[in-house]
Amino acid sequence: MQIVPEVFPDEKSRRKFSSSLLDLEIEYGIVNSDSACDHCVVIHRTLEHITSGIGQESNSDYIDVVNRRLEDTKHSRITEYRDNIHTMVSGANVLPYEIEWVAGGIKTSGGRHQQVYLDKMCKQLQDTIQNRLYQDLEAMKNQDNKMKLFDEVSHHVSFCQQRARSFQGRQEQLQLIKSYLLSNCRSPLVVYGPGGSGKTALLSKVARDTKTWFKTVDTRIVIRSIGKTTSSVNVRTLLRDICQQLCLILDADDEDMPTEYKGLMNFFNQLLSQATEQSHLVILIDSLDQLTDEHDGRKMSWLPKKLPHYAHVIVSTSPDEKYECLPQLKKMLRNDAFIELPDLPVEDAVEILNHWLMKDNRALQQYQFDLIIDKFTTCALPLFLKVAYDEAMSWTSYMDPDQCKLMDTVKKMAGFKFSKMELKYGEATIKRALGYIAASRSGVTDNEIEDLLSLDDAVMDEVMVRYTPPRRHFPQIIWVKIREELSYYLTESKTYNINTIRWSHGQFNEAAIDRYLKNKDKAPSYHKAMAEYFMGEWAEKPKPFGGNTRGSLRYVSSQQMYFESNAEGEEIFYNVRKTNELPYHLLNSQQMENFKSHTLCNFEWVLAKLCGTSLRELVEEYQTALLTEPGDMDLRTLSDAIQLSGEALTKDPRQLASQMVGRLQGVLAKDVPTSPGDPRKYPFLHTFMNQAKVPSVLSLIPSIGCLTQPGGVLFDLLSGHTDPITAVTLTTDGLKALTCSKDNTMKLWDLRTGKVMRTIENVGTSVRMIRPAMNNALIVTVEGSVIKVWNIRYNELVLVIDKYVDPPEIGIAGEGKYLCALFDGSNMLRTWNLSKSNYPMLSSVTIDNHKVFQERSVLIAPNSFDERILVAFRGANVGAVHHARTGKHMHTLNCSEDSSSVTSLGITRDYYIMACRQNFMKLHEIFQLELFDQKKGRYIRSVRGCIHDRITEMHLNYIGSHAICINANEQTSTTDIAIWNVETEDHKHLARHSGVSTMGACSDFRFCLTAGKNDRSLHIWNISAKINQSQPKLKKNLGVNQIVPMVDNPRYVVARQMNNGPVSIWNVAKAKCLDKAVRIERGLSDSSDVVLIRNTRVIILTDKGFSANTDSSRPVFKTLLTYDLQSKRFIRKLDSCFIPPLPAHEYVLLDDDRLLSLSDSRNHFVIWNMNTRNPDDRIRPNFTEIEKKRGIGVRENSSLIKPGLGVTMTPWDRRSETLSAKKRRQQKEMEAEKKRIDELKNEKDNNIDQYVISGNHRIIVASFFAHHMCVFDIVDKKHTQTMVSDTSMLFLHVSAITHEGDYIVHANYDEENKMSFVTLWDCTTGNVKKRLKNESDVMALGITDNASRVIIGRGKNELHIWDPMYSRSLQKIKGYRGLEFSTESKIFVINEGKRAVVYAGDISIWDIEKASVIAIFTPDMRINCVNIALNGQLITFGLQEVSDVVTLKLTSKNTLTMLEQGGEDMFGEAPDESSEEEEDEEDYD
């Protein structure tokens, strides 16, 4: 060591010899690592008193000891690391432990405290590393889309660079393109020429040189060569990838980027508009003719006719009319927007040929060179020149001229090449190999082509003779040689991240199709063979061949639907090649039975397609199939069901099973043949349903059909706004829409194409109303109290009316000439003439006051065909007609009934129409349209609606025959479209869908628009086909609002419907009983009664009245009824009761004979004896006794109150404070403190605000709207503890208590620290066990039975996992899209804290150990109540308008476990009915 400084003069090198291994590990792993803060875990162990026994031999294993003395240098180094470790590693990753040193050290066989320490350390270390790994895996998944984009872009860029390197000639065209890019032209540029004319090479050259042309401008270039990747041939995925790249380039947010075609089309245009003078955008798209038929991509509606400033788009296409591209582009663009590529000049061909020869160091005989040029003159294309040159490379200098042959077209040259290879490698081998490539949907992989050739007996017979391989499998070396020889003809492309082989040019592909797929072999034979391969038909069994009926194995891929990364199936990789190719080949080989049973009607295939690709690609598969079989009911129904489930499947595609079962179960239940020999209507859907009930992934399978069934109206989307839409209307022809949004824009949409035609900026972020005027040339908007008029043709603001403070409602009269505004508050009706250049005001009158509401009190008809306008007050029963130009009152329209309440107005060419609300029966309202004569304003008749209507805004179709209303129901969170035929008085509801649509418009039944409060997209509904069809009457079903599992028999739950409707019993352990209740009891109670349920007993508190035996009468329930659901009779009736009326949740049935409630004064609890009607016991707070036991009460002694420290004063104020001022300040602080203590003391007189009761009905915790909570023991009937916080009000709004009542956790806010906490209390001691700070917006809490884990639902979509017994154990999980916690949310902790059931809009099950969601169920309508059954094995819930209990079971093929049922059947269920597990096994079989 003494010579080390001489050899290594620098300190850094010497440290290798002077430092310990641990020292170096810490230095390199933590100190010098940039990622140590998050990716290192440190066990910070302190061995107390270890230095006291340095002489012990075992000490040297834990500290540095030399000659029985502590080595100071190393010890100080370790101490330095220990002191600074928190600055180098995240606090959550430092695990501190303190343990007393014991002679002999830490041993696994040591004392109990060592065992506890080792177990705790190992578990916490494992949990910390495991959670970190899961978080990193989730982060990697989130980056997956970006990596896919990088992969997509790199393939197009590398292909462009390859083609640009070999570019020669075309200087004239190159200069024209340069001039276009440097000009201010706002039209796309089209380069066209026949296949092989060099369009791709030219655009590649442009992409490479563009940067040099824009020397002073930052130019962003995007290039796509359609056909190079699979996603580029579909116009929707092409636009998606371009938009993603533009978002990355422009630093724009792509989180809410649309996924549907029309939305992407508008989003693309929107991104182009972000080009600036300093940053131009250049988009190059090659080979438009290679686009597929999806979305009519070759009709070019997606390409903007006019580009924004500084944006340039160059496209190329073939002139062949069969592709439609060029004819469509010529209709769209002006003549100077086209560049045609002429024949390549001979001079350029000679120069290019000489360049290639020199590059390859080759030479040709002159007659050979002349032959190439001579043939080139017949087909003057660069591609022909290249193919001829490649053929010439096989010639020798001494070859006879007659043997040097060239064809006169590219396709013939390709055919000539194929024929030569057939002689070389065998006719069958080349024929089938090249035929398979031509027949493929998106190319084939090397392994696939080898497997396909191995399964082809004609090929293998030929191979076995020529090469004699050891087994009947195509030799790989042969395919390698074939591919190498065809290297220019074939190219690799990306298909779902897999490299596939395709023809590099369309003419090569056409040559292969003409030669192999259209000859005697015919295309179906190729498609059939490929379909058999992708079905895996011969993967594991011998295939017979000529002369051998037993056959032989071909050793080909098994083509499984998915592959699992481990035994638990935690990571699944789907076989996207199978899902992409199989339906294409089955359809083209005309195998419809197999097509349906193996693909689109096969649940596992649908799941694999959905999870492996996307929802849109799955929908496109169904659309393709329906073009071939438009009348197929199986395909049509499944397609509709998948589209209805779009929102849920976007959240999590693994919901497919639950969504399909929830939607199709009701459909298939009705699919019963009328006679035994009749076929079913949906023959394939029954098998699909059985597969969905036992899926390959864990899913929450509903017991009944509880979602919207397919068969209704489907919607399309219009996407283009970046913020929520605030107003929508239609133009007068009904074919265009106008929308305003919080993004400060107004957009004009073409509803037939879905394109944004015009965008006006700076219209306002809170526009609430839009009206078109002057034949749609002017647009009127209202924002607050300001009216603005816009000229949409010139994108300019022409009139602002802002001098009135009252908010207006506006209508347009006189065929668009007059703007009429009725101002809320002043009741002034003012009119402006929009046909004059200065827009003068024509009249201003006050209308008769019939005001009912203070705000939003006035109504006005949106449009009028003449100079009359209809106005009214909302809620009144009268309307008025005024002359728009003069303001003169013309008619008064009186409703037919005094109880009518006007909600909306409309005018047709024949009628004035007022939509009115009326009371109907006892609990409902009904709407009707009241029609009035236009000549005299007389009432004509009413068109009645139904109790399901909710009219806030009425729309009329163009001819005035129908009224349309967007009918939103916030209670169910659903919306439909209500239609009235004003002539036939027919009324129906269509297009029911989830969500609350707050705005809409409709004048043409093909384009009915709806949008919700936070929607950025418009829903378009085509209801024209349903208008004249009869629709079933809607039934008013009372939903389930309470589900109570039986305590003594857990296989049953008891459900109670809304408004004290029927009580039903459900056997959730029997599969055959899940779709119907085993018992229903109706008419047990009135809506004003309180109904309580425990086991089979129903307790009804009824006969509400006033007590007569007290000085001051008070409301009470006078009668208590007990009904036994098993014996179906009332078993008890108690009269003359005095039970105070409370909300139903404040009563608790302790057992069959005792009822717990609050007293009428809410200051104590009462336990009622339901046999004697009298109170058995009363449990009162006893603060004095509790405080004596705990030694509390010293605050009452004012002598012990100390003055404050003047913490609100600055240091300099405190230093300059005089003694008298200090004394006065301290006196004030003492008085304030005494006042605070007195207020805390007075809070003990508060009444009980809320209470929670433990699961065993033994412990109550009550809050008092105070700084304390009380714990009561029901068994001992006493107040046991008071939990106090001087700085925080203690509430139970968000809380959870353990089953035994030992612990309670709740959310609270600390007033002193100005911080939110989640606090865990020990109910046995009354002390705080643990507090978790900075937990704001807590909406739901769940806790394990031993309080070892708390689950926190926070904010909108965050789930936090807190293990209070461990320090720094908080784990935060970002929820999935759509997880929205609210005050109604619930969390149930099951499986000893390993899993949690979360209700937050959706119902989801979470794996707490892995911090991931297991399964989700998204309903269509609002859930009323949720509970768990069979100890968390099942989830039960009730919906708003479904009278049945819905049961969810977590199911998959790999988890078919028997339910732990317990209890016996009690209600006469048939003994042969299967259990839940048996039913699963039947479905699986």
From Q659 atom CD to R654 atom CZ, the distance as rounded to the nearest 0.5 Å
14.0 Å
Smallest separation among heavy atoms of L638 and M660, with atom names
CD2-SD, 4.2 Å
Could you check, using the six-membered ring where one of them is a Trp, whether H993 and W1021 have ring centers closer than 6.0 angstrom?
yes
One thing to verify: whether R483 and D446 come together as a salt bridge, which I'm taking to mean a side-chain N less than 4.0 angstrom from a carboxylate O.
yes
Residues K578, E604: salt bridge by 4.0 Å N-O rule:
no
Does this structure show an ion pair linking K494 with D151, if we count only N-O contacts that are shorter than 4.0 Å?
yes
Quick check, are the ring centers of F688 and F603 under 6.0 angstrom apart?
yes
Between E450 and S454, do the side chains contain an N or O donor and an N or O acceptor separated by less than 3.5 Å?
no
Taking atom types as modelled and ignoring hydrogens, do the side chains of N575 and Q560 form a donor-acceptor contact shorter than 3.5 angstrom?
no
Run the ring-centre check on Y555 versus H473 and record whether the distance is less than 6.0 Å.
no
Do NZ/NE/NH1/NH2 and the carboxylate oxygens of R298 and D293 come within less than 4.0 Å?
yes
Any salt bridge between K431 and E422, counting N to O under 4.0 Å?
no
E620 and N234: side-chain donor and acceptor closer than 3.5 Å?
yes
Residues passing the side-chain contact (heavy atoms from CB on, under 4.5 Å) test with T753, sequence neighbours excluded, are D750, K755
In plain terms, say whether K596 and D634 are close enough for a salt bridge, that is, a side-chain N and a carboxylate O under 4.0 Å apart.
yes
Have S504 and T491 got a donor and an acceptor in their side chains that come within less than 3.5 Å?
no
Student check: side-chain heavy atoms of T445 and N499 closer than 4.5 Å:
no
Is the closest basic N to carboxylate O distance between K518 and E510 below 4.0 Å?
no
Determine whether the aromatic ring centres of F534 and H598 lie less than 6.0 Å apart.
no
Heavy-atom count check: over 12 atoms from other residues, nucleotides or ligands less than 6.0 Å from K417 NZ?
yes
Do T500 and E492 have a side chain donor and acceptor closer than 3.5 Å?
no
Using 30° and 60° as the class limits, which term best fits the ring planes of H527 and H585: parallel, tilted or perpendicular?
tilted
Centroid-to-centroid, Y562 to F573, below 6.0 Å?
no
Distance-only polar pair, side chains of T599 and N602, donor-acceptor under 3.5 Å:
no
Classify the ring geometry between Y489 and F508 as parallel (under 30°), tilted (30 to 60°) or perpendicular (over 60°).
tilted
Is the charged tip of R472 near the ring of F545: under 6.0 Å from the six-membered ring centre and within 45° of its axis?
yes
Does the salt bridge (Lys or Arg N to Asp or Glu O under 4.0 Å) test come out yes or no for E448 and R577, once each step is laid out?
CA-CA 10 Å; E448 288 169 0; R577 288 293 300 155; 2.7 Å; yes
Set out, in order, the CA-CA distance, both residues' side-chain angles and the distance that settles salt bridge (Lys or Arg N to Asp or Glu O under 4.0 Å) for D716 and K262, then state yes or no.
CA-CA 9 Å; D716 203 350; K262 292 179 181 178; 2.9 Å; yes
Worked verdict on D1420 versus R663 for salt bridge (Lys or Arg N to Asp or Glu O under 4.0 Å):
CA-CA 10 Å; D1420 280 346; R663 296 189 192 281; 2.7 Å; yes
I want to check something: taking the side chain as every heavy atom from C-beta on, are P544 and W538 in contact at a cut-off of under 4.5 Å?
yes
Tell me if the CD atom of E537 is crowded by more than 12 foreign heavy atoms within 6.0 Å.
yes
For the residue pair T1418 and Q655, confirm or rule out a side-chain donor-acceptor distance under 3.5 Å.
yes
Ionic contact status for E294 with R236, cut-off 4.0 Å:
no
Give a yes or no on whether a salt bridge exists between R432 and D456, defined as a side-chain N under 4.0 angstrom from a carboxylate O.
yes
Under 4.0 Å between a Lys/Arg side-chain N and an Asp/Glu carboxylate O for K412 and D514?
no
For the residue pair L582 and Q559, establish whether any side-chain heavy-atom pair is separated by less than 4.5 Å.
no
Atom pair CG/CE of L587 and M592 - distance to nearest 0.5 Å
6.0 Å
For Q290, all residues meeting side-chain contact (heavy atoms from CB on, under 4.5 Å), sequence neighbours excluded:
I226, S287
Polar contact flag, side-chain donor to acceptor under 3.5 angstrom, S231-D241:
yes
